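Counting convention: from 1, in listed order, for ligands and their atoms alike. All figures in this text were calculated on a predicted structure; none of them were measured in a lab. Each residue takes its place number in the sequence, starting with 1.
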Amino acid sequence: MNILLCGGAGYIGSHAAVVLAGRGHQVVIVDNHCNSSPDVVLRVQQLTGTRIESHCLDVRDGGALTALMSAQRFDAVVHFAALKAVGESCEQPLAYFDNNISGTITLLQAMRACGVRHLVFSSSATVYGDPELVPIPETARLQVTNPYGRTKLVMEQLIEDVCRADPGFSAANLRYFNPVGAHPSGLIGESPSGVPNNLMPYVCQVAAGQRDHLRIFGGDWPTVDGTGVRDYLHVMDLAEAHADALEYLASTQQSLTVNLGTGQGVSVRQLVETFARENDCALPYEIVGRRAGDVAEVYADPALARRLLGWEAKRDLATMCRDAWRWQRQGQGVCDMPDGSDEAAT
Ligand code: NAD
Ligand code: WQD
C-alpha cells in the first residue's frame, strides 16, 4: 500500500513508519515539525534502508494536502498529527481545537476530494476520562476531562459521521493507552520539549542526572501500592497495530474502534522499580500530592483488538524500560528539536 503518515515524524509516527516500511508498504511523511525534528526522517531512512519522502506541511493547509494527494495515489492515511499536552490544552484550548479538530476536518476534506478511502486515527484512552470499571472495554462510557481529551472525542465523532455518510470510506479508531519505550536500535524515540509531562520520559531524565528526582503524584490512591496505575505499552507493539489496522481496512472495508494496551495495570512504583533494576541505576523519588485531573487506575481490555486485528502487545515492562533508557543514552543528544536544518524535508 502507499500510505500517507500525517504527523509521521513524531514519536509514534516515526516508529509506525519503520514498521510499515519493514512490511513492504511505501510511506510518505507529512509533518509541520511543531513537535519533531526533520532529522527523524533521516533516522527512519537509516533504519529501513529506504528513501522516505517527507513534506514539511501543516494538515490545516488544505491546498497543499490536496495537491500532494492528487499528485500520487494513496491507499490510506494514518493521522497522528495533533497537539497532545493535557496541561497546555487547558491553558490554550482554542489552539488545540484549531490544530486538532480543524486539522482533522481539512484532512478529511482532502481525502474525500482525492478519493482516499481508508483512515487510521490516533485516539486515546483519554476519551474514557475517569473510568467506571477496569479493565476498560470499548463500550465504556465516554467522558472528557480536559480540552485535549475533548478534541480526541470530537475527532472520533467527526470520523464516525464521515464513515456513516460514505459507505465507501472506512476508518480504524485506535485508542492508545500509555505508549513508552523506543526502537531497540536507540535511533528513534520520544523527545519531549521542556519538562516532560509523562512518567517514562521524566524517569529517563532523572536516571540520566538531568533532573534531581521524580515526584510521584500521590501515594494514597486506592491501588496495589497507593500509586497511580496505568497500562504502559511498548511503542513498537503500538506501531505494529497500525500495520494490522491498515491491512484490516484494506481487506474488510469495515470500520472499527479498538483499545491498544497490554491489559496489565502497572503502578508508578512498579515502573520505577523495574526501570532501576533493568538499567541498574538509581532513581530517587519523593511522594507528593496528587496531580489535578489524575485518576487511580486506567488499563485496557484489549480483547477486541486481538479478535479483530489479531494484535496483542508482546513486549514486557522490562523491555520498555531498557529500550527507553537506550534511547535516552544514545539517541537524544543528537536528535534535538528543529534547528533550521531541514535536510530530509522536500
Ligand atoms: P508527537 O507530538 O511526537 O507527534 C505528533 C506529530 O504531529 C509531531 O511530529 C508534530 O510536529 C506533528 N503535528 C502536530 N500538529 C500538526 C499539524 N497541524 N500539521 C502537521 N503536523 C503536525 O506525538 P505522539 O506521541 O507521536 O502522538 C501521536 C498521536 O497519538 C497524537 O495524535 C496523540 O494525540 C496521540 N496519542 C499519543 C499518546 C502518547 O502518550 N504519546 C497517547 C494517546 C494518543
Ligand atoms: C502516568 C502515571 C501520574 C509524571 C497522559 C494523558 C493521556 C495520554 C497519555 C495522550 C500517573 C504519574 C507522572 C510524574 C508521576 N496522552 N506521574 N510523576 O496521565 O496516564 O496520561 O499521557 O493521549 O491523555 O493524560 O500519563 O505518563 O502523565 O502519568 O507520578 O512526573 O505517572 O500521576 O499515575 P497519564 P502520565
Practice item. Give the protein residues with at least one non-hydrogen atom closer than 4.0 Å to an atom of ligand 1, ordered by chain and number. Key: Gly7, Ala9, Gly10, Tyr11, Ile12, Asp31, Asn32, His33, Cys34, Asn35, Ser36, Leu57, Asp58, Val59, Arg60, Phe80, Ala81, Ala82, Lys84, Asn99, Ser122, Ser123, Ser124, Tyr148, Lys152, Tyr176, Phe177, Pro179
Check your understanding: In terms of residue, atom name and distance, what is the protein heavy atom nearest to atom 33 (O) of ligand 2?
Key -> Asp294 OD2, 2.5 Å
Study note, to complete from the structure: Exactly one of His118, Gln254, Met1 clears side-chain contact (heavy atoms from CB on, under 4.5 Å) with Leu249, and that residue is His118
Review point. Which protein heavy atom lies closest to atom 27 (O) of ligand 2, and at what distance to 0.1 Å?
Key: Leu199 N, 2.8 Å
Study note, to complete from the structure: protein heavy-atom neighbour closest to atom 24 (O) of ligand 2 works out as Thr126 CB, 3.4 Å
Check your understanding: Tell me the side-chain hydrogen bond (donor to acceptor under 3.5 Å, both in side chains) pairs involving residues 273-282, sequence neighbours left out?
Key -> Glu278-Arg322
Point to revise | Side-chain cluster (under 4.5 Å, hydrophobic types only) that Val266 belongs to, other residues | key: Val180, Val195, Leu199, Met200, Tyr202, Val203, Val206, Leu214, Ile216, Tyr232, Val268, Leu271, Val272, Phe275, Leu283, Tyr285, Ile287, Leu317, Met320, Trp325
Exercise for review: Output yes when a side-chain donor or acceptor of Asn198 lies under 3.5 Å from a complementary backbone atom of Pro201, and no otherwise.
Suggested key: no
Practice item. Identify, for atom 21 (O) of ligand 2, the protein heavy atom at the shortest distance, and state residue, atom and that distance. Key: Asn178 ND2, 3.9 Å
Practice item. Write out the residue and atom name of the closest protein heavy atom to atom 1 (C) of ligand 2, then the distance separating them to 0.1 Å. Key: Tyr232 OH, 3.3 Å
Point to revise | atom 23 (O) of ligand 2 [closest protein heavy-atom partner, distance rounded to 0.1 Å] | key: Tyr148 OH, 2.5 Å
Check your understanding: Can you tell which part of Val229 has a heavy atom less than 4.0 Å from ligand 2: side chain, backbone, both or neither?
Key -> neither
Study note, to complete from the structure: Among Val268, Asn198, Thr151, closest by heavy atom to atom 32 (O) of ligand 2 is Val268
Check your understanding: Relative to atom 6 (C) of ligand 2, which among Val86, Thr145, Val144 owns the nearest non-hydrogen atom?
Key -> Val86
Point to revise | Arg290 side-chain N/O to Asp220 backbone N/O, donor-acceptor pair under 3.5 Å | key: yes
Review point. Mind checking whether Phe217 has an N or O less than 3.5 Å away from an N or O of ligand 2?
Key: yes
Exercise for review: For residues His15 and Phe80, establish whether the separation of their ring centroids is below 6.0 Å.
Suggested key: no
Review point. Would Lys314 and Met236 count as a side-chain contact (heavy atoms from CB on, under 4.5 Å) if you check the C-alpha gap in whole Å, the side-chain angles of each, and the deciding distance to 0.1 Å?
Key: CA-CA 9 Å; Lys314 296 192 282 284; Met236 288 301 292; over 6 Å; no
Review point. Would you say Glu138's side chain and Asn259's backbone share a donor-acceptor pair under 3.5 angstrom?
Key: yes
Point to revise | N or O pair under 3.5 Å between Ser124 and ligand 2 | key: yes
**Study point:** Phe121 side chain near Lys152 side chain, heavy-atom distance below 4.5 Å
**Key:** yes
Review point. Hey, quick one: are Tyr248 and Trp311 part of the same hydrophobic cluster, counting side-chain heavy atoms closer than 4.5 Å, chains of contacts allowed?
Key: yes
Check your understanding: Among protein heavy atoms, which lies nearest atom 18 (N) of ligand 2, and at what distance?
Key -> Arg215 O, 2.8 Å
Practice item. Would you check if the side chain of Ser14 reaches a backbone N or O of Tyr11 as a donor-acceptor pair within less than 3.5 Å? Key: yes
Check your understanding: Does Arg215 CZ have over 12 foreign heavy atoms under 6.0 Å away?
Key -> no
Review point. Which protein non-hydrogen atom lies closest to atom 11 (C) of ligand 2, naming both residue and atom, and how far is it?
Key: Arg230 NH2, 3.7 Å
Exercise for review: Check for a donor-acceptor pair, side chain of Arg211 on one end and backbone N or O of Gln205 on the other, with a separation under 3.5 Å.
Suggested key: no
Exercise for review: May I ask you to check if ligand 2 and Ile216 share an N or O to N or O distance below 3.5 Å?
Suggested key: no
Check your understanding: Which of the numbered atoms in ligand 2 are below 4.0 angstrom from a heavy atom of Asn197?
Key -> 4 (C), 28 (O)
Review point. Does Tyr202, backbone or side chain, put an N or O under 3.5 Å from an N or O of ligand 2?
Key: no
Review point. Residues two or more places apart in sequence or in another chain: which of them pass salt bridge (Lys or Arg N to Asp or Glu O under 4.0 Å) with Arg164?
Key: Glu160, Asp161
Practice item. Please identify which atoms of ligand 2 are closer than 4.0 Å to at least one heavy atom of Gly228. Key: 34 (O)
Check your understanding: Which is closest to atom 29 (O) of ligand 2 in terms of heavy atoms, Lys152, Arg291, Glu297, Met200?
Key -> Arg291
Review point. Is there a path from Leu260 to Leu246 through hydrophobic residues (I, L, V, M, F, W, Y) whose side chains come within less than 4.5 Å of each other?
Key: yes
Practice item. Report yes or no: does Val298 have a heavy atom closer than 4.0 Å to ligand 2? Key: no
